[in-house]
Amino acid sequence: MSAPVMSANALARHYQVGGGLFAKPQTLRAVQRVDFNLYPGKTLAVVGESGCGKSTLARMVTMIEEPTAGDLMLDGKPVVKANWPHMRSDVQIVFQDPYGSLNPRQRIGTILMEPLVINRSDMSAAEREAKAREMIGLVGLRPEHFDRYPHMFSGGQRQRIAIARALMLDPKVLVLDEPVSALDVSIQSAVLNLLVDLQEQMNLAYLFISHDLSVVRHVCDDIIVMYLGQAVETGPKDAVFAAPRHPYTKALLSATPRAEPGAAKDRIKLTGELPSPMANLPGCPFAPRCWKVQDLCRAERPELTGAPQAAACHFPLE
Amino acid sequence: MTDTTAPNPAPVPATDETARPGRLREFWFYFRENRGAVFGLWVFAAFVICAAFGPFLAPYDPTEQFRQFALLPPAWQEGGSWSYPLGTDPLGRDMLSRLIVGARFSFFVGVIVVTIAASGGILVGMIAGFAPQWLDSIIMRIMDIILAFPSLLLALVLVAILGPSLTNAMIAIAIVLQPHYVRLTRASVLAEKQKDYVTSARVAGAGLLRLMFVTVLPNCLAPIIVQGALSFSTAILDAAALGFLGMGAQPPTPEWGTMLAEAREFILRAWWVVTFPGLAILITVLAINLMGDGLRDALDPKLKRS
């Protein structure tokens, strides 16, 4: 396998919250100790329920926020704040909400050319425009869309524009923060197919963040399942989907709607509460909701073990 | 801002379909849909013409006194004369000439006050919106202090310190109006800053200045334009009020507020000396407010049809 274009080692992001006049500030561990490798032309999916730290991970990877701890390497060079300005153009992002991610005051042409204006000041205005027009065609929009405003487009078209903007700087890594979950199901597949085509053409590495497992099954190569800021299971897509080792992954998979009418409804219903991300429990964070919980789970935190399909569980499923 | 999208894009030859009408024509197309705004615009245009060419339009010198015709009623009333269509004031000066020339003072008050208050207010509000919490708090508390004074009273105090004149009145009114712009800009900036397009501009590498003035500011302009139009009229009103209180323009300047003040004692005897300056203020202010509304509608791309 080729060298990873981006790799993260024990990436963590903590927030200080509260800390009013009388309250002590508490530490919210949004992401703790996440490792991953991104390969060119491959898609890594990050899945998990709301509040599990998926979007925080995206914000760290796209250099919007600095990690509290851990290393992030891009092309073998460390991503630290001092390097951000000239590393920016290699990592771009597509947001979930296509209605908020385009500047309503700018025409599509201006939106697409802005990254070039900022980062490629040696380019002439004509070159920029030519490139923007080429990109419009590449993402499946028509040339006359160049001079229109975002509000004249549908959600799917806006998402295409957002993808075009992200690709203007020829990035190596594209972070897709739930790129299709705000779209109609019929549009979803069109946008997903576009993403797959673009990946093949440009050899892009995707970090695909989603809570929709059927979408993930369609596009990704590898998968990270996150729970309360931690990776609880990682591995190749086929292995994880075929035989999940962590109980949380199994519960998540069982919650995916199936298209077959006769399929067995063996859905696992989780009981119990999601622990507060501010409470630093000694044991496994999934213990309060797990149906296989034992005393060891409450006392000791499991490490992510096993290759290639790793799971953070004392009693992994077979 | 978007100089890159000229009407006829250069490198790729534009077909008739991709070319779009000029920016001004497009603006007029949307502005025209609001009848009140168009009416306001015409009145405002008349006001501007009076302000620019007042001395040439006025039949008499505004300060010339025709003693034998003091307090002459308007032409259509008994005893009136068509040589003084709107009558004369207690010193025998022609009302119409004074009103026409007076437009100039009101117009300059509006333009200068709005320019100073808006540019200062937008800048400070923008800084407050992007600043760290402590700086934001300091700025906003100072603005709260200014807002805590009744605005006319604060303007009065400032004029008392600076000395009564129209220039000082304008400075005082601008300072009094500034906090409104600061608050408005800051509130819009805070709301806009959360949106994804700002984050994506940041991911694309936009610096703080670009983020402030290219990305965020154009999206905050709609309420600021309305506020600008409204405070244009507020400025005229405040200047008139200061003039009425003897702290603005000094006689014999034909400023509308000052004219009202001079005519106070004749309210019961000669209605025209107070009614016409008052009407002039009312119509101008109303027209500007209508126009401001139309401006907002025409400048907001979200209200445009595709």
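In what follows, every heavy atom counts, from backbone to side chain, and hydrogens, waters and symmetry copies are set aside. Chain letters run A, B, ... following the sequence lines, proteins first and then strands; every chain starts at 1.
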Here the gap from A/Q96 atom CD to B/D196 atom CG, rounded to the nearest 0.5 Å, amounts to 8.5 Å
State the CZ-OH distance between A/R105 and B/Y197, to the nearest 0.5 angstrom.
9.0 Å
How far apart are the closest heavy atoms of A/N119 and B/A204, and which atoms are they?
ND2-O, 2.6 Å
Heavy-atom pair of closest approach, residues A/E114 and B/A201
OE1-CB, 4.3 Å
Less than 4.5 Å to any heavy atom of chain B: does that hold for the side chain of [X], its backbone, both, or neither?
{"X": "A/N103", "value": "both"}
{"X": "A/R148", "value": "neither"}
{"X": "A/I64", "value": "side chain"}

With a 4.5 Å heavy-atom cut-off (strictly below), which parts of residues 73-91 of chain A touch chain B? List them by number.
A/R88, A/V91
Taking atom [atom1] of [X] as the centre, report whether more than 12 heavy atoms of other residues, nucleotides or ligands fall under 6.0 Å from it.
{"X": "A/Q201", "atom1": "CD", "answer": "yes"}
{"X": "A/Y99", "atom1": "OH", "answer": "yes"}
{"X": "B/F39", "atom1": "CZ", "answer": "no"}

With chain B as the partner, which of A/L102, A/L116, A/T62 has the greatest number of non-hydrogen pairs under 4.5 Å?
A/L102
